[in-house]
Amino acid sequence: MRLYALCLGLLLAATAQAEVFETTLQNGLKVVVKEDHRAPTVVQQIWYRAGSMDERTGVTGVAHLLEHMMFKGTKSVPAGEFSRRIAAAGGRENAFTSYDYTAYFQQLHKSQLPLAMELEADRMHNLVLGKQEFDKEIRVVMEERRWRTDDDAHALLDERLMATAYQEHPYRNPVIGWMNDLENMTVADAREWYKTWYVPNNATLVIAGDVNAQDVFALAQRYYGRIPAGKLLPRKPYLEPAQRGIKRMVVKAPAELPHLVMAYHAPTLRDVENDWRPYALSVLAGVLDGNDSARLNRVLVRERQVANSIGASYANTSRGPTLFSLEATPAPGKELNELEAALREQLQLIVREGVSEEELRRVRAQVAAAEVYKLDSVFYQAMQIGQMESIGLSHRSLPLMLQKLQAVTAEQVQQVAREILQDDQLTIAVLDPQPLSGEPKKKMEMQHAH
Amino acid sequence: MRTRLISLLLLCGLAGSAWATPQIQHWQAPSGARVYFVEDHNLPMLDVAVNFPAGSARDAADKIGVAGLTHGLLDLGTQELSEDDIARGLADVGARMAGDFDADRSGLSLRTLSNETEREAALAIMAAVLQHPAFPQAVLEREKNRLIASLREAETKPEFLAERAFGQAVFGSHPYGWQTGVSDVEKIQRDDLANFYRTHYVAGNAVVALMGDVSRQQAEAIAQRLTANLPQGTGASALPAVAMKIAASEQRIAHPASQSHILIGTPGIARNDADYFPLYVGNYILGGGGFVSRLMKEVREKRGMAYSAYSYFMPMQQPGAFQIGLQTKKEQVDEALQVVRQTLQSFIQQGITAQELRAAKQNIIYGFPLRIDSNGKILGYLSLIGFYSLPLTYLDDFPQQIERVTVGDINDAFRRRIDPDAMATVIVGTPE
C-alpha cells in the first residue's frame, strides 16, 4: 500500500513536470511556465540571482534594501504607483530576499498578466532610486530589523550562530544586514547594487497558472525582450575553510527559557545525479523530526521530558554551503547540558545502530504525499522552480531529486550521520535568558557535556 | 489609463454574472452534524475539517484554559490508540492532521491522499481522535508543564503582553478578553477536560467540511463516521453579549525591547452583522489593503516609522475586536501614535472618497478568484459558512455584496461603530 502511494506520487510529479515549458530570451532572461488550469488565476515571480551572499563588507543588507526600493518608482511609474495598479487589478504582491536570491511576485486574475509583466519589466530597467525615498525606506528597514531580529531572542541567536559557524562565507552576515551597515548605507550603495545585478541575464521569470506557455513567451518577449543584457561580474566561490574544532557561544537576551542550537557543517546538492549525502541527510532529518512521533519528539519531549520543544532542520539546496541543525528548549527544571547530552545520545544512537526500514518507509510515504499536496498551491510550485533555477540547479531535476530521495537506504543514513555529525564541525549556540527588569537571574549552567 | 478602463469593465461584468464558484452540497448527517461538501477530482486528495463551538469563550469563569487543553489533547491518545500510534499512523500514509482553535471554534482538520487505503487509514484515526479521546493523565501532566513553560516564555514577549492587555481593555470581563494564566493551568484536572468534551463536542453542534476527491456517497459516509459516536447533548448556548461602549483608556507597559508595540481598538462586529460589508470594504481603505491603505501610507510610506501598520475587524459569533496595530522604535512612539490617531480621526470625520471606494472594490472583486483557487482555501470557506450559518450562496454573492457598498454606507457605518474618542490603547515598551 505504501508502494502504491510512492508510485502515485512519482507519477504525478512526472506529469506535473511535463507541463513545464521554458525558453530563454536573446537578452538572457530565462522564462519558465508552469501551466495549471484549475483556477483562472496566475502568479508571476521574477527571481534575481543576487542575495545577501553577493554583498560586500560594510554594505550588508543592501540586497534587501533594494528589494524595498523596487516599489519606490521608475521614470514612468511614480513611487507607490506599482502597488496601486496591482491592487486595482485585484492583485496581491510582495517580494522576498534571501542569502541566495531576491524575488518579486504578483498573484492576479489571468487576464491581468500583461499589466504585471509591464510593471515588472519596467522596474527591472528604469528604477529611479531617489535620495528622498531612500532616506525614508532605510528607516523602514531598520524598524524591520528591530522587529524581526533585535527584539526576538531566537532570531538573535540564529543570527549570531551563523556569524560564528561561518568565518569566510558571506552567510555569516544576516540577510537584513547589520544595524551599523544600515545606518551608514547610502543611496549610491543601492544604485550600484541595482546596476550590477538587475539585468535580464541574471534573472529567471516564472509564470504559473491558467495560461498558455506560448502566449506567455510572446508576452515575455514583448515586455522583457527589449531590456539589454548586462555584463555580469564573475562570482567568487567563497569556499568556507574547514572548521578545526567545536565552537561554543552564548547570546544574552530577554526571555524566560534558555534555548540550544547545534549546527553541523553539511554538504549541499551540487550534482543531482551522483551526490547522495544531501538526500541521505534529508531523510535523516525526517527520521529525527518528520512527525510528532519521530525520534526527537517521542523520546526527548514525550518520554524523557527533557525538552519542551525540539526540532531538526536541513535544506539540501542552496548556492552556498549548508548546516544540519538541531534546536531545543529544555523542559522546566532541566539544564542545558542535560538537554545537549540527551540530544547527542539520540544522534549517536543513529551513528551506532542506524535507522529502521519502518522509519524509512514512513519518511518515503510523507515525501510522496507531499508531492501530491504541493499541487494544491500554484504559488509553491512556482517557488520551487524559481529556487532551483536561482541556486544553479535546473527545475528539470526535480523529478530525479525525488527519485533519489526515495531511494535512500538505511546504510546511507547511518553513514552520512557518522560522517557529518562530528564535533569538529559543530557550532553550539545557547540563549542565556535575561529578565525584563534587568536584574540578574540565577547563573546559567554552562558546563560542557562530553 | 487603459488598465483602469479594462478593470472597470470587468467590474461591471462581474456584478452581473459571478464566475464559477465551487458548488457547495449541504446536508445533515444522521448523527445531527451539519455537512458542507465540494466534490472535486482534479487532485487525488481529500481535505476534511470538523468544527465545534468549543473555543476558549466556552470556558467557565473559574476554569479558564480547559477548552484549549481539551482541544490540544484530542490527538494525544484515544481509548485504543496512544499518541505515538496516532502520529505514526498518520505519517505512515502521508496524512497531516492539524488543529484550529480560537475564542469561538475548536476544530480538527485532515489532509490525506484520496486513494482508498491511505484515506481509510487516515479517517479511522481522525474518527477515533474526535469521538474517543482518552485525555490520558500522564499526557495531561506533561502538556500542562509544557503549556506553563510556554506561557512564562510568552510573558516576556512584547506582542503577547500587548495582546493580553488589549483583550482586557476591549472586552472587560467578557470571555473574549480572558487569557489563560499559569495559575489557571495549574489547577486543571483530567475530569475538567472529560466534562468539557462531553458537553461541547456534541454531534448536533459539529460542522463537517469536506473538499476533494470523493463522491457524494462517500462524503456522506465519512461525515457520519466522524460524528456518529460523538456525545449526544444539547445545542450550544448563546455566548454572553459584548459591552459595545468602552471608555477611552491608555496603558503603558514597560519592556526592554527596542520597539514599542502599539494596539488601539474597540469592540467591532459579529459575523452576521448588517454592517459587515461596508466595514470590510472601508477597512480595506483604512488599514486592510496593505501598501495602498491609509495607515500604511501615513506611517510607513510618508514617514518611514514602521515596517507594518494595519487595521482589521475580527468578526466573531459575538462582536470581535476592531484593532489597529504597529511597532515603532521607542523614541518616536508618541509621534507615531499621533499619526495613527489623526489618520483614524480624519477617516471617521471626513470619510472616504469615491476614488478610494472604486480602488477598493476593484481589488476585492477582481481579486475574488484568488480566494478560492485551492482546495485548502475552499475548505476554509466551507467551515466558515457552516460554523457561522452563512448563506450557502455566500461565495456566489460575495462580489455583488461588495459592489453594492456605497461611500455613504461606509462613512455612516464607521461613524456609528467606531468612536475615536472611546478607544483602548495599549503601548508595550515605552521610553523610560
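Below, chains carry the letters A, B, ... as their sequence lines are ordered, and counting in each starts from 1.
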**Report entry** B:R111 charged N/C atom sitting above A:Y373 aromatic ring, 6.0 Å / 45°
**Finding:** yes

Report summary line: When the 4.5 angstrom heavy-atom criterion is applied to A:A87 and chain B, the contacting part is both

Query raised in the report: Would a distance-only check, ignoring hydrogens and angles, find a side-chain to backbone donor-acceptor pair under 3.5 Å from B:N363 to A:A89?
Result: no

Report summary line: Under 4.5 Å to a heavy atom of chain B? For A:R302 that would be both

Requested in this report: Assess whether side chain to side chain contact (heavy atoms under 4.5 Å, CB included) is satisfied between A:D151 and B:H255, documenting all intermediate values.
Outcome: CA-CA 10 Å; A:D151 289 346; B:H255 193 281; over 6 Å; no

Report task. Rounded to the nearest 0.5 Å, what's the gap from CZ on A:R362 to CG on B:L90? Could you check? Result -> 11.0 Å

Report summary line: Among residues 293-300 of chain A, those lying within the under-4.5 Å heavy-atom range of chain B are A:S293, A:R298

Report summary line: So, the part of B:A257 with a heavy atom under 4.5 Å from chain A: the answer is both

Report task. State whether the side chain of A:D376 and the backbone N or O of B:S374 hold a donor-acceptor pair below 3.5 Å, judged by distance alone. Result -> no

Query raised in the report: A:E144 side chain to B:Y307 main-chain N or O, any donor-acceptor pair under 3.5 Å?
Result: no

Report task. Drop me the distance from B:D92's CG to A:R361's CZ, to the nearest 0.5 angstrom. Result -> 7.5 Å

Query - Structural part of A:P254 lying under 4.5 Å from a heavy atom of chain B - result: both

Report summary line: Separation between CZ (A:R146) and CD (B:Q327), nearest 0.5 Å, reads 12.0 Å

Query - Top contributor to chain A contacts, counting heavy-atom pairs under 4.5 Å, from B:Q259, B:R300, B:M45, B:K302 - result: B:Q259

Query - Segment of B:E116 engaging chain A (4.5 angstrom heavy-atom cut-off) - result: neither

Report summary line: Assert top hit (heavy-atom pairs under 4.5 Å, partner chain A, pool B:R152, B:K329, B:K157, B:H261) equals B:K329

**Report entry** Atom pair OG/CG of A:S377 and B:D373 - distance to nearest 0.5 Å
**Finding:** 8.0 Å

Query raised in the report: Contact part of B:L370 toward chain A, heavy-atom cut-off under 4.5 Å: side chain, backbone, both or neither?
Result: both

Report summary line: So, the part of B:N42 with a heavy atom under 4.5 Å from chain A: the answer is side chain

Query raised in the report: Given a strict heavy-atom distance threshold of 4.5 Å, which part of B:S150 is in contact with chain A: side chain, backbone, both, or neither?
Result: both

Query raised in the report: OG1/A:T41 to CZ/B:R371 distance, rounded to the nearest 0.5 angstrom?
Result: 13.5 Å

Report task. Could you tell me which of B:E301, B:M305, B:E83, B:R303 has the largest number of non-hydrogen atom pairs under 4.5 Å with chain A? Result -> B:E83

**Report entry** Neighbour count >12 (heavy atoms, 6.0 Å) for atom CD, A:Q132
**Finding:** no

**Report entry** Residue part contacting chain B, namely of A:N291, when any heavy atom lies under 4.5 Å
**Finding:** side chain

Report task. Please step through side-chain hydrogen bond (donor to acceptor under 3.5 Å, both in side chains) for the pair A:Q305 and B:E141, ending with a clear verdict. Result -> CA-CA 11 Å; A:Q305 302 183 21; B:E141 290 310 317; over 6 Å; no

Requested in this report: Identify which part of B:I86 has an atom lying under 4.5 Å from any heavy atom of chain A, answering side chain, backbone, both or neither.
Outcome: neither

Report task. Please report the shortest heavy-atom distance between B:R142 and A:V301, naming the atom on each side. Result -> CD-O, 3.6 Å

Query raised in the report: Between B:K297, B:E153, B:E159, B:E155, which shows the greatest number of heavy-atom pairs under 4.5 Å with chain A?
Result: B:E153

Query raised in the report: What are the two closest heavy atoms between A:R139 and B:G304, and how far apart are they?
Result: CB-O, 3.4 Å

Report summary line: Of the listed B:D47, B:N145, B:D75, B:V292, the one with the largest count of heavy-atom pairs under 4.5 Å with chain A is B:V292

Query - Which portion of A:A253 sits near chain B, non-hydrogen atoms under 4.5 angstrom - result: neither

Query raised in the report: Hey, what do you get for OG (B:S258) to CZ (A:R145), rounding to the nearest 0.5 Å?
Result: 9.5 Å

